[in-house]
Every structure is written in C-alpha cells, then in structure tokens.
A.B. asks: 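Submitted below is the structure of interest, expressed as structure tokens.
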Amino acid sequence: MERRKLRQRLAQAVTAGVMAVAASLVAVTATGTAAQADGCYTWGRMLSSGMTGEDVRQLQIRVSGYPGYGAVLGLDGAYGPATRAAVIRFQQAYGLAADGVAGPQTFNQIYALQDPDCTPVSFSYAEWNRCNSDWSGGAVSASTARFNALVSMWKLQAMRRAMGNAPIYLSSGFRSYSCNNAVGGASNSRHLYGDGIDLVGSHSFCALAQQARNHGFSNILGPGYPGHNDHTHLGNSPSRSWSAPSCGI
C-alpha cells in the first residue's frame with residue numbers, strides 16, 4: 001500500500017508541476033502569488049480569522065487532526081479561534097511559519113499530503129472499507145459514511161505525523177450492519193458511521209490510545225476496556241467516550 005501510494009504521489013507531483021507552471025503563466029491570485037492547481041481541491045485565496053466559506057470548510061477537514069488535547073474541530077466553514085489554533089498546530093508540525101494564516105506555504109503542504117481523491121497520502125478508501133464497494137448499509141447514508149471516513153483519515157494522518165511517521169495499520173474500518181453483525185460488533189458501533197477504526201501495528205495499543213487524545217477523536221477505546229486488549233479503537237461519537245484503563249485513560 002505504501003509503495004503504491006508513493007507511485008501515485010510521484011505521478012501526481014509531475015502532473016501538478018506541469019499544471020502549476022502553466023497556471024503561473026496566465027494568472028495570479030488576488031494575493032499576488034502564483035495560482036495553484038491540485039487534483040483534489042485548489043484554494044484560490046489566503047484564509048484567516050473572520051473569513052467564511054466552503055474553502056474554509058475544506059481547510060478545516062485537512063487540519064481537523066490538530067484541535068488540541070480533548071477537542072474536536074467543527075467543520076462549519078467559519079474561520080474562528082479554534083480553526084486558527086488548528087492551523088498553527090498544523091504549521092508547527094511541518095516546520096512552517098506558524099502565524100495561523102492559511103497561505104501558499106500551508107496550502108502547498110496540504111497539496112503534498114493529499115491524493116487526487118482527497119484522501120491523505122498514508123490512507124485510502126479501499127483499506128478503510130473492506131466491507132462493500134459502495135459504503136451502503138450502515139447507520140448513515142453511503143455519502144455520509146464516506147465523508148466521515150475522510151475526516152477520520154485526516155485526523156489519523158496528523159496522529160501518524162506526531163508519532164514519527166511510522167505506519168499505522170487498520171484492522172477494521174467501515175462496516176454495514178451485516179458486516180458489523182458478522183464480527184460481533186456493538187449495535188451502536190462507530191464503524192457503522194464510517195468514522196470508527198480499529199488500529200494495530202507498529203505502535204503499542206496504549207501509545208495509540210494516548211496520542212489519539214490530541215487529534216480530534218472523541219471515541220477512544222483500548223487496553224483494559226472489554227474486548228479491546230488486542231487493538232485500539234478510535235471514532236467520532238457525539239460526546240466524549242474514552243476508556244483504556246490499562247493506559248491511564
């Protein structure tokens with residue numbers, strides 16, 4: 001998966017480079033910087049406190065993994081204090097000037113992190129949904145489940161960065177009711193909503209549960225919680241539900 005992702009990113013980088021050069025010959029943005037072109041989403045203006053719009057919401061999705069300890073960033077399209085703080089944390093994570101303003105450097109870093117389908121480079125829809133091909137049959141519509149998965153991917157990408165970029169592996173993601181019943185999942189499992197994931201792999205389960213508290217996950221279940229000694233579960237429940245007693249959570 002990592003090797004295939006790298007090949008995709010190299011191909012995308014070549015295409016994006018050609019498009020960016022062409023765009024720079026014919027247009028500049030209102031801020032005087034060269035117009036950008038990206039296979040997923042292109043921002044056309046700098047964003048800062050007080051601004052609103054779909055471009056702000058698209059930014060919020062990408063920085064949703066940087067809300068601060070115990071917080072969840074709202075995806076409301078309004079550039080308020082919480083969004084500014086999340087942008088600063090994102091900028092700090094990638095060594096950018098941390099001014100809380102989303103400009104060319106911030107957007108270019110996001111472009112480098114996302115694939116043409118808008119998923120972050122380290123995760124994919126295919127690994128998130130091993131249940132069916134169309135995201136149907138869960139607790140929400142297929143489009144909502146897919147969107148919820150996308151937001152969780154960006155949160156997990158932030159968590160991966162914070163943990164030294166070592167791979168984080170998923171053993172389970174989206175489930176329809178039939179898939180959930182087949183594995184004995186809880187009747188209200190976040191897997192049914194698209195945002196629930198079970199993690200295994202190169203980090204200890206406790207390390208995953210502890211780090212997740214900083215990246216916008218309101219549902220964290222790990223070692224010491226019944227049935228979770230062999231994985232760490234993350235999700236985005238309406239209210240906070242953290243329980244991993246063996247990890248001090």
Side-chain angles (χ1 to χ4, degrees), residues 1-5 8 40 61 64-65 72-75 114-160 167-206 208-209 211-213 215-247 249:
M1 179 63 69
E2 290 284 333
R3 189 174 295 113
R4 185 167 66 253
K5 281 281 193 176
Q8 292 172 346
C40 164
I61 292 169
S64 59
V72 176
L73 183 65
L75 308 179
Q114 67 185 9
D115 283 322
D117 64 356
C118 300
T119 59
V121 294
S122 300
F123 303 98
S124 70
Y125 285 123
E127 67 179 325
W128 212 274
N129 180 2
R130 296 168 183 154
C131 172
N132 58 40
S133 61
D134 61 7
W135 299 82
S136 64
V140 293
S141 69
S143 60
T144 297
R146 197 171 190 268
F147 175 76
N148 289 346
L150 178 66
V151 176
S152 282
M153 285 187 214
W154 281 100
K155 293 182 179 183
L156 204 59
Q157 185 72 37
M159 184 168 149
R160 188 182 192 274
I168 295 176
Y169 300 105
L170 281 65
S171 62
S172 182
F174 168 75
R175 301 173 192 158
S176 66
Y177 278 107
S178 61
C179 288
N180 192 56
N181 290 338
V183 298
S187 61
N188 63 342
S189 171
R190 293 309 303 180
H191 293 277
L192 296 164
Y193 295 82
D195 56 66
I197 44 173
D198 293 341
L199 304 181
V200 295
S202 58
H203 303 283
S204 74
F205 302 136
C206 279
L208 291 166
Q211 188 63 46
R213 296 174 295 180
H215 298 290
F217 290 103
S218 55
N219 183 213
I220 303 172
L221 304 175
Y225 185 82
H228 288 71
N229 288 328
D230 61 352
H231 69 280
T232 292
H233 166 86
L234 305 179
N236 297 303
S237 53
S239 58
R240 184 190 295 183
S241 176
W242 291 358
S243 184
S246 298
C247 310
I249 299 174

A.B. asks: Report the distance from atom CE of M159 to atom CZ of R213, rounding to the nearest 0.5 Å.
C.D. replies: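 With rounding to 0.5 Å, CE (M159) is 10.5 Å from CZ (R213).
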A.B. asks: If only atom types and distance count, is the side chain of N129 paired as donor or acceptor with the main-chain N or O of N132 below 3.5 Å?
C.D. replies: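 Here the side-chain-to-backbone pair exists.
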A.B. asks: Okay, side chain of S64, backbone of L73: is any donor-acceptor separation there less than 3.5 Å?
C.D. replies: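 Flag not set: sc S64 to bb L73 has no pair under 3.5 Å.
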A.B. asks: Looking only at heavy atoms, which two atoms of S218 and S237 are closest? And how far apart?
C.D. replies: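 Minimum heavy-atom contact is OG-O, 2.6 Å.
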A.B. asks: Please check if the side chain of H215 supplies one atom and the backbone of K155 the other of a donor-acceptor pair under 3.5 Å.
C.D. replies: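 Pair absent, no side-chain N/O of H215 close to backbone of K155.
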A.B. asks: Grab the two heavy atoms, one from D230 and one from V200, that are nearest each other, plus how far apart they are.
C.D. replies: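 Heavy atoms only, the tightest pair is O-CG1, 3.9 Å.
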A.B. asks: First locate atom CD of E127, then atom CE of M153, and finally report the distance between them rounded to the nearest 0.5 Å.
C.D. replies: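 That separation rounds to 7.0 Å.
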A.B. asks: Might you work through the side-chain contact (heavy atoms from CB on, under 4.5 Å) test for L199 and L234, ending with a clear yes or no?
C.D. replies: CA-CA 8 Å; L199 304 181; L234 305 179; 3.5 Å; yes
A.B. asks: If I compare all heavy atoms of P245 with all of Y225, which pair ends up nearest, and what's the gap?
C.D. replies: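 That closest heavy-atom pairing would be CD-N, 3.6 Å.
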A.B. asks: What heavy-atom pair brings L221 and S241 nearest, and what distance separates the two atoms?
C.D. replies: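 Closest heavy-atom pair between L221 and S241: CD2-O, 4.3 Å.
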A.B. asks: Taking atom CD1 of I220 and atom OG1 of T232, what is their separation to the nearest 0.5 Å?
C.D. replies: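 So the gap between those two atoms works out to 9.0 Å.
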A.B. asks: How close do Y193 and V140 get, counting heavy atoms only, and between which atoms?
C.D. replies: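 Looking at all heavy atoms of both residues, the shortest contact is CD2-CG1, 3.6 Å.
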A.B. asks: Can you measure from CD1 (I249) to SG (C206) and round to the nearest 0.5 angstrom?
C.D. replies: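 Here the rounded value is 7.0 Å.
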A.B. asks: Which label fits H231 and H228: parallel for a plane angle under 30°, tilted from 30 to 60°, or perpendicular past 60°?
C.D. replies: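 If you compare the ring of H231 with that of H228, the planes turn out tilted.
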A.B. asks: Under 30°, 30 to 60°, or over 60°: which ring-plane class applies to F123 and W128, parallel, tilted or perpendicular?
C.D. replies: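 Ring orientation, 0 to 90° scale: perpendicular.
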A.B. asks: Does atom CZ of F205 have more than 12 heavy-atom neighbours from other groups under 6.0 Å away?
C.D. replies: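 Correct, the count exceeds 12.
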A.B. asks: Salt bridge (Lys or Arg N to Asp or Glu O under 4.0 Å): which pairs involve residues 181-194, sequence neighbours left out?
C.D. replies: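 Salt bridge (Lys or Arg N to Asp or Glu O under 4.0 Å) check on residues 181-194 returns R190-D195.
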A.B. asks: Any salt bridge linking R146 with D117? Criterion: basic side-chain nitrogen under 4.0 Å from a carboxylate oxygen.
C.D. replies: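 No, no charged N to carboxylate O under 4.0 Å.
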A.B. asks: Can you give me the closest heavy-atom contact between Y169 and G201, atom names plus distance?
C.D. replies: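 Minimum heavy-atom contact is CD1-CA, 3.5 Å.
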A.B. asks: Hey, could you give me each pair passing disulfide (SG to SG under 2.5 Å) that has a residue in residues 124-154? Not counting sequence neighbours.
C.D. replies: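 Qualifying pairs: C131-C179.
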A.B. asks: Report the distance from atom CZ of F147 to atom OG of S152, rounding to the nearest 0.5 Å.
C.D. replies: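 Between F147 CZ and S152 OG, I get 10.0 Å after rounding to 0.5 Å.
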A.B. asks: Going from CG on D198 to CG on L208, what distance comes out if it is rounded to the nearest 0.5 angstrom?
C.D. replies: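 These two atoms lie 11.5 Å from each other.
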A.B. asks: Can you tell me how the ring of W135 sits relative to the ring of Y125, calling it parallel under 30°, perpendicular over 60° and tilted otherwise?
C.D. replies: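 Correct class here is perpendicular.
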A.B. asks: Taking the side chain from N180 and the backbone from S187, do they hold a donor-acceptor pair closer than 3.5 Å?
C.D. replies: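 Checking the backbone N and O of S187 against the side chain of N180, no donor-acceptor pair under 3.5 Å is found.
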